[in-house]
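These notes are about the structure you will find just below.
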Amino acid sequence: MMYRPSLLVISGDREFISQIESALAWRFAVVPVARLNEVSAVRGGPECVAVVLHLHPLVMNGYSGTELGKHIQQLTALAPVVAVFDSETHDEIAECAQPFCRSVLDRRKGVDELMRTLAAVSPLEWELADFYLHRPHAALAGTTRCWTTFTPAVFPMVEELRVAAAHDVTLLLIGETGAGKTFLARTIHELSPRAGKRFLTVACGALPPDLIESELFGYVKGAFTGADVDKPGKFAAAEDGTLLLDEIDVLAPDQQAKLLRVIETGEYEPVGSNETRISRARLIVASNVDLAQLVEEGKFRRDLYYRLNMLSFFIPPLRERPYDVEYLARKFAIQQARSLGIALRGIEPSFLAALRNYSWPGNVRELENIIRRAVLYCRDGVLRVNDLPSMLRPQSFHDVPPTVPDIPVKWTLEKRLEEAERQILEETLRRHGYRRIETARELGISRITLYHKMKKYGLLRRVSEEPVITAD
């Protein structure tokens, strides 16, 4: 089934909504909302292109001009806002709305004019909708996020995940670091009967081995030195929501055995306790290595592997999904422009071509960081090749100086050298997928020196792994 980005229409006039649906439903999923105070419960879907706000008395619900302005400001964080007024709208209301909207339109100009206005005020969003229309794709759309692929080889996996998400079964996600396993797991959670419940993530690889068990299962008072009170583990904290265990390949054999028991029976004991607890959480596990190889090497339990492999899904690396690169680049450009408050009006084809030709060792996470950098340095509202790091630019662009110097001419020699060092560090880290051992080896420095330089230039925050535990 074809997925369409959403268009949020706030109007109490059914005729107005019907006109928009007739004209735009082939391009967008039109989401109608009757009143402003109902928007927070709808949010327009995971990929909202624009908000059409009908300045109708029923929508206004007695709001003053100041109150209306505050509501529209909140809407602009979701998507660009186009206001439509009619003969029943007071001039004062239209004037109060105008400073916060991309455009204010007279309803009498018709839906065709509204379409042209939407295309003008949301050019990147409009192009993204065209991308969906003209290329085969498969999508898992949750309430706040959408996992989409334009790679035909991945379409069957999406359909299998759609079925698996609806049932209370344990899933295994396999994919390289940064391939999007956590995002996909959250999407699965939103598609499951447990949507709206808690979603917790435990990055096992970021925990010291001797703390993993207490983090997962909790502990009781006196279990070990420093255990002054009982502490529930993540299986208990997740309640009847979803728990994602990332990098499960780092678990020790005895921890793997306890995980297998939870999967099969739901039973576990907190550290230092003989009392058996029951986990109600739905479990999703993930790994960035081939578990079958670890089984052959005796590093992963065969019975646990067979239990997990029954419903396992492999996420191909980004270098094998060139059309996904272009889609994600457009999506991230829209998100980052909104987040940074930067007006973007286009993306050059050569910019997208350069992205498709890169190998993406850091996968989706690397792409998102590079798009954020490009949006930040974009000078005229159009993303161009020169907005990319030098490692992504085609060879013909390497010797072309940018229109504006990368380093301000008034900087001292010391400041210029520091900036050059920072750029070299950042580009080398990206080239090696943020693996510090390979980065340090190429630069001819120790890992400790690399760490200190990364800390000096604020690069630790950019390359750090996801938080050990997060919750919706």
Say whether [X] and [Y], considering side chains only, have a donor N or O and an acceptor N or O under 3.5 Å apart.
{"X": "Tyr457", "Y": "Glu426", "result": "no"}
{"X": "Thr151", "Y": "Glu320", "result": "no"}
{"X": "Asn363", "Y": "Glu176", "result": "yes"}

Quick one: closest heavy-atom pair of [X] and [Y], and the distance?
{"X": "Val382", "Y": "Asp387", "answer": "O-OD2, 3.6 Å"}
{"X": "Phe85", "Y": "Leu55", "answer": "CB-CD1, 4.2 Å"}
{"X": "Val81", "Y": "Leu75", "answer": "CG2-CB, 3.7 Å"}

- Gap between atom CD1 of Ile248 and atom CD1 of Ile212 - 0.5 Å precision: 11.0 Å
- Atom pair NZ (Lys197) and CG (Asp240), whose distance is rounded to the nearest 0.5 Å: 4.5 Å
- Task: Check the pair Arg162 / Glu159 against salt bridge (Lys or Arg N to Asp or Glu O under 4.0 Å), numbers first and verdict last.
- Result: CA-CA 5 Å; Arg162 195 188 313 278; Glu159 294 309 313; 3.0 Å; yes
- Query: Do the two ring centres, one from Tyr3 and one from Trp147, sit under 6.0 Å apart?
  - Reply: no
Can you name the salt bridge (charged side-chain N to carboxylate O under 4.0 Å, His left out) partners of [X], sequence neighbours left out?
{"X": "Asp13", "result": "Arg107"}
{"X": "Arg356", "result": "Glu326"}
{"X": "Lys231", "result": "none"}

Using atom types as modelled and distance alone, determine if a side-chain donor or acceptor of [X] lies under 3.5 Å from a backbone N or O of [Y].
{"X": "Ser339", "Y": "Gln335", "value": "no"}
{"X": "His137", "Y": "Arg135", "value": "yes"}
{"X": "His189", "Y": "Ala185", "value": "no"}
{"X": "Arg345", "Y": "Gly381", "value": "no"}
{"X": "Arg145", "Y": "Phe183", "value": "no"}
{"X": "Arg321", "Y": "Pro316", "value": "yes"}
{"X": "Arg338", "Y": "Leu78", "value": "yes"}
{"X": "Glu348", "Y": "Leu383", "value": "no"}
{"X": "Arg282", "Y": "Val169", "value": "yes"}

Contact check, side chains of [X] and [Y], non-hydrogen atoms, under 4.5 Å:
{"X": "Thr170", "Y": "Ile284", "answer": "no"}
{"X": "Arg384", "Y": "Phe351", "answer": "no"}
{"X": "Leu429", "Y": "Met454", "answer": "yes"}
{"X": "Leu173", "Y": "Asp246", "answer": "no"}
{"X": "Phe313", "Y": "Leu184", "answer": "no"}
{"X": "Trp360", "Y": "Leu392", "answer": "yes"}
{"X": "Gln336", "Y": "Leu344", "answer": "no"}
{"X": "Leu118", "Y": "Leu7", "answer": "yes"}

- Note on the structure: In Leu105, Ile20, Leu24, the residue satisfying side-chain contact (heavy atoms from CB on, under 4.5 Å) with Val52 is Ile20
- Message: Among Thr182, Thr177, Leu318, Ile370, which residue satisfies the side-chain contact (heavy atoms from CB on, under 4.5 Å) criterion with Arg365?
- Response: Thr177
- Once the angle between the rings of Tyr132 and Phe150 is folded into 0 to 90°, is it parallel (under 30°), tilted (30 to 60°) or perpendicular (over 60°)? tilted
- Would you call the rings of Tyr327 and Phe131 parallel, tilted or perpendicular, where under 30° means parallel and over 60° means perpendicular? parallel
- Message: Go through it in stages, so that I can follow the logic: the residues are Leu36 and Leu68, the test is side chain to side chain contact (heavy atoms under 4.5 Å, CB included), and I'd like the CA-CA distance, side-chain angles, deciding distance and then a yes or no.
- Response: CA-CA 9 Å; Leu36 272 171; Leu68 174 62; 3.8 Å; yes
- Task: Might you work through the side chain to side chain donor-acceptor pair (under 3.5 Å) test for Tyr358 and Glu366, ending with a clear yes or no?
- Result: CA-CA 11 Å; Tyr358 183 59; Glu366 181 182 17; 2.9 Å; yes
- Query: Hey, is CZ on Arg108 packed in by over 12 heavy atoms from elsewhere, all under 6.0 Å?
  - Reply: no
